[in-house]
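As the structure is a prediction and not an experimental result, all values here were calculated from the model.
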Amino acid sequence: MVKYGLDYTRCRWILPLLLGIGVIFGIIALAGRGWLESQTLPYVLQASLWQICRRPDQGGEWSCDSLMGYAWGRAAAATYLVGFLLLVICFALAIIAFAIDTLRFNFIRGIGGLLFVAAVFSIMGLVIYPVKFSSEVEMTGINMFSWAYGFGWTTAIMEICLGFFFCCLPNYEDQILGNVKPTYFYSSP
């Protein structure tokens with residue numbers, strides 16, 4: 001962003017935009033019913049972060065039970081939800097930080113640190129869920145962790161990567177604000 005001449009005024013909204021995309025992916029993961037699904041016929045199992053739905057055969061009615069009855073279900077939901085809420089807070093702080101004309105680089109580094117904390121909570125929830133689900137819930141057939149679970153991992157990976165960007169951005173403060181004289185590599189003969 002700095003080395004190749006992209007102006008700070010044009011690129012200042014890229015990081016908040018990426019955080020917004022991470023928030024959208026987190027909403028999809030929280031609301032999605034595709035954390036675990038049956039992979040082959042008959043499709044008899046479907047689970048989200050909040051509940052598990054089963055049906056006895058291909059044409060039967062779905063019956064759903066809450067995963068909040070399990071301690072691990074509450075732990076997985078709580079840790080992932082805390083990570084998501086921290087991501088939303090980072091998104092709001094990034095909007096505020098980049099809207100101010102005089103950018104506070106220490107404030108941006110704090111957002112990066114908070115993103116790492118959000119990633120830790122998200123990853124804890126994403127690890128608790130499959131480990132305890134596969135060991136404590138009876139499953140039939142071949143099952144797979146599906147699209148909503150993938151959106152959860154995408155959110156966690158975005159939190160880590162954006163945390164690095166937010167933490168490293170203050171190292172280039174002078175280049176971003178234009179306080180460095182250009183270096184010319186031309187010498188006269």
Side-chain angles (χ1 to χ4, degrees), residues 1 11-37 39 45-53 64-100 103-137 139 143-171:
M1 188 162 77
C11 298
R12 73 187 302 170
W13 293 106
I14 290 174
L15 291 177
L17 175 69
L18 289 173
L19 274 176
I21 292 170
V23 168
I24 292 169
F25 285 173
I27 291 170
I28 292 170
L30 284 170
R33 294 191 69 171
W35 277 58
L36 184 118
E37 294 178 333
Q39 186 176 2
L45 182 66
Q46 185 178 36
S48 70
L49 182 60
W50 312 103
Q51 65 183 0
I52 180 171
C53 298
C64 297
D65 297 319
S66 176
L67 289 177
M68 297 303 112
Y70 297 98
W72 62 266
R74 290 188 302 270
T79 54
Y80 189 79
L81 193 59
V82 167
F84 175 73
L85 290 175
L86 288 174
L87 177 65
V88 170
I89 290 169
C90 288
F91 176 64
L93 291 175
I95 294 287
I96 292 168
F98 285 95
I100 299 170
L103 193 58
R104 305 280 185 229
F105 283 96
N106 290 333
F107 185 61
I108 290 176
R109 190 168 279 152
I111 294 171
L114 195 57
L115 279 169
F116 285 124
V117 173
V120 167
F121 277 105
S122 296
I123 291 172
M124 283 179 4
L126 290 166
V127 169
I128 291 170
Y129 185 85
V131 169
K132 298 305 278 184
F133 193 101
S134 60
S135 67
E136 292 193 18
V137 175
M139 296 184 286
N143 299 292
M144 66 176 176
F145 290 97
S146 190
W147 58 272
Y149 185 69
F151 273 107
W153 274 107
T154 304
T155 302
I157 291 169
M158 286 182 76
E159 288 169 346
I160 293 169
C161 294
L162 288 170
F164 278 114
F165 277 117
F166 274 92
C167 285
C168 293
L169 192 63
N171 295 339

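With rounding to the nearest 0.5 Å, the separation of SG in C90 from CG in L15 is 12.0 Å. With rounding to the nearest 0.5 angstrom, the CZ atom of R33 is 5.0 Å from the CD atom of Q51. In this structure, the separation between CG on L49 and CG on L67 is 8.0 Å, given to the nearest 0.5 Å. Atom CD1 of I111 sits about 13.0 Å away from atom CZ of F116, to the nearest 0.5 Å. Taking CG from L93 and CG from L19, the interatomic distance works out to 10.0 Å, rounded to the nearest 0.5 Å. Interatomic distance, I24 CD1 to T155 OG1, rounded to the nearest 0.5 Å: 10.5 Å.
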Is there a side chain to side chain contact (heavy atoms under 4.5 Å, CB included) between W147 and I28 once you walk through the steps?
CA-CA 9 Å; W147 58 272; I28 292 170; 3.8 Å; yes
Would you sort out whether E136 and Y70 count as a side chain to side chain contact (heavy atoms under 4.5 Å, CB included), showing the intermediate values?
CA-CA 9 Å; E136 292 193 18; Y70 297 98; 4.0 Å; yes
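Applying the 6.0 Å contact sphere to CZ of F121 captures no more than 12 heavy atoms from other residues, nucleotides or ligands.
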For residues 78-87, which side-chain donor-acceptor pairs fall under 3.5 Å, sequence neighbours excluded?
from: T79; atom 1: OG1; to: A75; atom 2: O; distance (Å): 2.9
from: T79; atom 1: OG1; to: A76; atom 2: O; distance (Å): 3.2
from: T79; atom 1: OG1; to: G125; atom 2: N; distance (Å): 3.2

Side chains of residues 156-165: which donor-acceptor partners sit under 3.5 Å, not counting sequence neighbours?
from: E159; atom 1: OE1; to: A119; atom 2: N; distance (Å): 3.2
from: E159; atom 1: OE1; to: S122; atom 2: OG; distance (Å): 3.2

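Screening Y129, W153, W35 for a side chain to side chain contact (heavy atoms under 4.5 Å, CB included) with F145, the sole residue that qualifies is Y129.
At distances below 3.5 Å, not a single donor-acceptor pair connects side-chain atoms of W72 with backbone N or O atoms of V131.
Residues W50 and L30 form a side-chain contact, since some pair of their non-hydrogen atoms from C-beta on lies under 4.5 Å apart. Within the 4.5 Å cutoff, no side-chain heavy atoms of Y149 are placed close to those of L36. The shortest distance between side-chain heavy atoms of L115 and F166 falls below 4.5 Å.
Side-chain N/O atoms of E37 and S146 include a donor and acceptor closer than 3.5 Å.
Under the rule for a side-chain hydrogen bond (donor to acceptor under 3.5 Å, both in side chains), S48 has no partner lying at least two apart in sequence or in another chain.
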